[in-house]
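The sequence lines fix the lettering, A, B, ..., with proteins before strands; numbering per chain opens at 1. Given the structure is predicted, the values throughout are model-derived calculations rather than measurements.
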2 protein chains.
Amino acid sequence: MKSVEQPASESLSGAGQRYHHGDLAPALVQAAREILETEGLSKLSLRAAARRAGVSQAAPYHHFRDKTALLAAVAAEGHRTFTRAMVEGMSQAGTDPAERLVACGVAYVDFATHNPGLFRLMFGGTIEQCEIFPDLVAAGAASYRVLEDTVAALTPGQSEPEALQIQALDAWSTVHGLAMLMIDGGLDPVHYGLDSTSDLTRALLRRRLTPLSC
Amino acid sequence: MKSVEQPASESLSGAGQRYHHGDLAPALVQAAREILETEGLSKLSLRAAARRAGVSQAAPYHHFRDKTALLAAVAAEGHRTFTRAMVEGMSQAGTDPAERLVACGVAYVDFATHNPGLFRLMFGGTIEQCEIFPDLVAAGAASYRVLEDTVAALTPGQSEPEALQIQALDAWSTVHGLAMLMIDGGLDPVHYGLDSTSDLTRALLRRRLTPLSC
DNA sequence: GATCAAATCTTGACAACGTTAAAATAAGAT
DNA sequence: ATCTTATTTTAACGTTGTCAAGATTTGATC
């Protein structure tokens with residue numbers, strides 16, 4: 001009476017509804033991620049994620065303690081792809097430290113505008129007491145380190161570490177604020193005589209990094 | 001059999017539960033605001049706000065179409081006090097345009113750190129389709145204009161308006177990002193050798209406004 | 001002042017949600 | 001083959017957003 005032996009390949013292929021899903025935790029994370037981007041945070045319920053993954057309402061509780069825990073997993077995964085996006089964006093920017101920082105910032109803002117729901121989940125305070133999710137904290141710290149390192153490369157001979165940190169914070173605040181304003185504040189690049197949000201980000205960062213010639 | 005004639009003074013005095021509240025809409029906004037800061041957004045339900053205002057669960061629907069409409073009212077009111085905070089902060093900063101901008105930024109970030117829940121509601125994308133609430137849009141635009149004007153005062157002889165707008169956006173992004181990171185990212189001023197978030201904001205903005213002496 | 005319409009509030013209900021408990025089923029070890 | 005454990009389901013509880021129907025108050029009109 002066994003069902004056909006499938007090698008745990010699930011995805012969307014077939015309606016094979018075996019009792020044990022086999023890989024439910026990642027499937028729930030992906031389902032939640034999809035709902036987040038297509039329907040928004042308000043439509044992202046645990047039950048909806050379970051439905052999308054093809055399991056019952058209570059199944060997620062064997063893999064996540066809470067709804068918040070699932071959201072934390074989504075956010076952590078988001079931070080990892082976010083980190084990758086920044087690294088990749090910089091790798092195409094050559095070797096000039098300033099241009100690399102610009103590319104990092106552009107990747108930062110691009111990620112936010114392309115995944116607004118996810119970005120808000122990662123930074124928007126939706127997940128209360130996020131410090132109790134070590135995975136999330138680590139992923140967030142790693143993504144910050146990319147930006148910090150990029151800023152550090154900008155001023156090689158920096159003696160005092162506090163100045164560097166302030167500089168990194170400055171860069172971080174700028175791109176983070178820009179990202180937030182673009183996805184929430186209804187910022188329109190055309191209003192600045194530019195075509196895309198990427199161009200606006202680039203213009204803003206370039207202007208910053210090349211102080212008035214003196 | 002009339003109850004004692006009270007001149008519509010409500011507040012918290014007495015348990016006078018007359019059938020008509022008299023001023024329910026503002027009372028609900030304030031109740032929501034209080035819940036937001038004391039218990040967080042997740043505990044802010046329409047029913048909880050109604051309970052706190054001393055009315056039944058369905059009473060709010062005679063003053064707000066939705067839960068979202070109530071949130072929008074809270075956010076709009078937040079933007080107005082936010083605007084006032086920035087104006088007042090600048091008024092104590094003298095006449096130097098740069099110092100006024102710094103004061104504006106400090107007020108911006110201070111407001112966020114003192115009212116994190118409200119600030120997130122104002123900017124965090126919680127209110128979907130916020131463009132359908134004209135009051136909210138107007139209040140938000142007014143708060144932005146304060147910052148824009150302050151930046152404009154910084155460079156009096158600015159010919160092209162686009163350059164000014166980019167400059168304003170730069171300033172806005174920075175303080176906004178800083179505010180967001182402080183309430184969500186767990187930014188610690190001590191980590192930068194400073195005592196308070198205000199000091200950190202000031203240090204960052206001053207550094208920005210005084211380019212490396214040349 | 002009596003009457004009537006509008007505004008305001010309440011009770012009661014419904015579906016959806018987060019969450020838990022108990023029971024059912026599959027997987028793996030002995 | 002049996003037993004233990006992990007996984008999933010069904011059923012249920014309390015809470016929420018929201019609506020419909022009825023009750024109460026207010027204010028205008030005669």
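Arg47(B) has no side-chain polar atom (N or O) that falls below the 4.0 Å cut-off from OP1 or OP2 of dG14(D). Dashed line: the shortest gap from a side-chain N or O of His62(B) to OP1 or OP2 of dA6(C) is not under 4.0 Å.
Going from atom CG of Leu70(A) over to atom P of dT19(C) covers 11 Å, rounded to whole Å. Across the protein-nucleic acid pair, Leu24(B) atom CG and dT26(D) atom C1' stand 16 Å apart, rounded to whole Å. Atom pair His63(A):NE2 and dT20(C):C1' shows a separation of 17 Å (rounding to whole Å applied). Per the geometry, CZ belonging to Arg65(B) stands 17 Å off P belonging to dT8(C), to the nearest Å. Nucleotide dC13(D) holds its C1' atom 13 Å from the OH atom of Tyr61(A), rounded to whole Å. Distance, Phe64(B) CZ to dC19(D) P: 16 Å, rounded to whole Å.
Which of dT16(D), dC17(C), dT7(D) sits closest to the side chain of Arg51(B) comes down to dT16(D).
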Subject >> Test log, rule side chain to side chain contact (heavy atoms under 4.5 Å, CB included), inputs Leu164(B) and Val151(B) >> reply: CA-CA 8 Å; Leu164(B) 167 63; Val151(B) 171; 4.1 Å; yes
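The 12-atom threshold is not exceeded at CD of Glu88(A), counting heavy atoms of other residues, nucleotides or ligands nearer than 6.0 Å.
With rounding to the nearest 0.5 angstrom, the NZ atom of Lys67(B) is 5.5 Å from the CG atom of Leu44(B).
With hydrogens and angles ignored, a donor-acceptor pair closer than 3.5 Å exists between the side chain of Gln57(A) and the base of dA12(D).
Taking the six-membered ring for Trp and the full ring otherwise, the centers of Phe119(A) and His79(A) sit at least 6.0 Å from each other.
Looking at heavy-atom distances under 4.0 Å, Ser45(A) makes contact with sugar-phosphate atoms alone, never a base.
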